[in-house]
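Have a look at the structure below, then the notes.
Values in this document were obtained by computation on a predicted structure and should not be read as measured data. Throughout, protein chains are lettered first and strands after them, A, B, ... in sequence-line order, and every chain is numbered starting at 1.
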Amino acid sequence: MSAFSPLAPLPAEVRPRVIGWFEEQARDLPWRRPECTPWGVMVSEVMLQQTPVSRVLPRWEEWMRRWPTPTATADAPASEILTVWDRLGYPRRALRLQAAAQAMVERHADEVPTTVEQLRALPGVGEYTAAAVASFAFGQPEVVVDTNIRRVHARVFSGAALPGKTYTAAQRKLAHELMPETAHDQGREACAWNASVMELGALICTAKSPQCAICPVADLCAWVAAGSPPPTEEQQTKGQAWAGTDRQVRGAIMAELRRGEPVPRGTLLESLPLSEASSEQRLRCLESLLRDHLAEEYDGRVALPGVL
DNA sequence: AAATCGGGGGC
DNA sequence: GCCCCAGATTT
């Protein structure tokens, strides 16, 4: 029994088109160049968790210039780690990346580990990142599934406008079935497929206004064949609030601390450029940052970790 | 399964 | 103003 509905395209027909398109149209990103080290790939994957490529590029360049190896990253002051991370967002990722580097120094001889099991054991490395590093840095035919790939799969093979919020068992099964065979080329095509579908989702098959007119598989796409129906309410993403959230307040505190000077607790809590934030919220957020080791307090003054 | 965790650019 | 972006971790 085929896993694909009668109207869905055959993977064997889709794959060469998407891979061929990638070979012609892929962006020249620094972490894709042949001279990029596995550590460079690792850094890019963590930075790209929920952060667009355009914002990652300058931070990745600076990080790799300063800390080109796990050892260099492991030995850096946490305050510098967080300063170079700058406004990429979710700064706990920066601390986890350093913790991952320290684990590589201790357990893997200053190398990025090569198996998904070893990768998955590193701080900040989940199912996606482990597979992505194994595939992109080491050429292993792991099944890589990110938000772009889920969307392309949903449209081309399932005829849906969007994949829905949760990664279901059915979606994982589909992703496995779509992978090329690895026997003939030791997984080269599988890795190319991973990168190509991701790039198609990032450049053509985008969430908001997909460029079906220039898509290499538009004539095979189940969603296009169905008349490009809009997303169902089930598939809508409930927009994450920002104004007034603890995340915004935490971000404002971190921005102040990144200026480099230790700040008296009272001054810090009062000087935030968020007039609507209550004193209770400001205090709660500062305490949570201290708990997360994103900030430290000593003798009534607050700073990035390690400077006091 | 749902909540939490940043921040900015595109529309 | 709303939405989305190469997710991970905790509850």
Side-chain angles (χ1 to χ4, degrees), chain A residues 22 26-27 29-32 40-60 82 85-97 99-100 119-137 142-153 161-169 175 191 194-203 205-211 230-231 234-258 273-274 284-285 288-289 291-294:
Chain A
F22 180 84
R27 292 167 291 181
L29 301 174
W31 46 84
R32 284 183 181 155
V41 175
M42 170 83 185
V43 173
S44 78
E45 291 301 340
V46 174
M47 288 184 169
L48 287 163
Q49 292 166 0
Q50 298 287 280
T51 305
V53 167
S54 61
R55 292 175 53 204
V56 164
L57 276 169
R59 297 298 90 214
W60 184 89
L82 292 169
W85 191 265
D86 196 37
R87 290 178 294 183
L88 283 182
Y90 298 137
R92 293 189 291 195
R93 288 184 295 164
L95 296 186
R96 288 178 183 146
L97 181 56
L119 287 162
R120 186 66 184 73
L122 298 170
V125 177
E127 179 178 2
Y128 161 77
T129 303
V133 172
S135 182
F136 301 148
E142 296 294 332
V143 181
V144 177
V145 180
D146 76 325
T147 184
N148 289 309
I149 292 176
R150 289 207 309 136
R151 185 175 55 251
V152 173
H153 289 176
L162 291 174
K165 308 143 279 293
T166 57
Y167 185 34
T168 65
C191 292
N194 285 333
S196 302
V197 178
M198 196 178 304
E199 189 76 342
L200 189 73
L203 297 185
C205 195
T206 55
K208 200 174 286 182
S209 42
Q211 308 283 319
E234 208 84 73
Q235 298 164 337
Q236 309 273 13
T237 61
K238 47 184 175 190
Q240 31 183 345
W242 171 242
T245 61
D246 282 7
R247 273 168 39 240
Q248 185 187 31
V249 175
R250 283 167 55 105
I253 295 174
M254 291 302 294
E256 173 61 29
L257 297 182
R258 279 195 306 267
L274 294 170
R284 176 174 72 245
C285 289
S288 75
L289 289 172
R291 254 194 325 272
D292 291 341
H293 302 288
L294 288 164

Does the C:dG7 base have a donor-acceptor partner in the side chain of A:Arg93 within less than 3.5 Å?
no

Distance between the P atoms of C:dA6 and B:dG10, in whole angstroms?
14 Å

How many whole angstroms separate atom OH of A:Tyr90 from atom C1' of B:dA3?
11 Å

Just the rounded figure in Å: distance from P of C:dA8 to CD of A:Gln50.
9 Å

Protein-nucleotide distance (A:Met47, atom CE; B:dG8, atom C1'), rounded to Å
16 Å

Measuring from the side chain of A:Arg55 (C-beta onward, heavy atoms only), which nucleotide among B:dG8, C:dC5, C:dG7 has the closest atom?
B:dG8

Decide yes or no, distance alone: a donor-acceptor N/O pair under 3.5 angstrom between the base of B:dG7 and the side-chain of A:Thr51.
no

Under 4.0 Å, counting only non-hydrogen atoms across every strand here, what does A:Leu29 touch: a base, just sugar-phosphate, or nothing?
base

Atom-to-atom span, NE2 of A:His293 to C1' of B:dC5 - whole angstrom:
16 Å

For atom CZ of A:Arg92 and atom P of C:dT9, their distance in whole Å
10 Å

Rounded off to whole Å, could you give me the CG-to-P distance for the A:Leu203 and C:dC4 pair?
18 Å

Nucleotide nearest A:Arg120 (side chain, heavy atoms from C-beta), chosen from C:dG7, B:dC5, C:dT9
C:dT9

Verify the contact: side-chain N or O of A:Gln49 to OP1 or OP2 of C:dG7, cut-off strictly under 4.0 Å; return yes or no.
no

With a cut-off of less than 4.0 Å, is there a side-chain N or O of A:Arg247 near OP1 or OP2 of B:dG7?
no

Between A:Leu88 and A:Trp60, is there a side-chain heavy-atom distance shorter than 4.5 Å?
no

Over all strands shown, is A:Arg59 touching base, sugar-phosphate only, or nothing at heavy-atom distances under 4.0 angstrom?
nothing

What contact category does A:Ala207 fall into here, base, sugar-phosphate, or nothing, at under 4.0 angstrom with non-hydrogen atoms?
sugar-phosphate

N/O (side chain, A:Arg151) to phosphate O (OP1/OP2, C:dC5) under 4.0 Å
yes

Check every strand shown and say whether A:Gly126 touches a base, only sugar-phosphate, or nothing at a heavy-atom separation below 4.0 Å.
sugar-phosphate

Using the side-chain heavy atoms of A:Thr129, tell me which of these nucleotides is nearest: B:dG10, C:dC5, C:dG7.
C:dG7

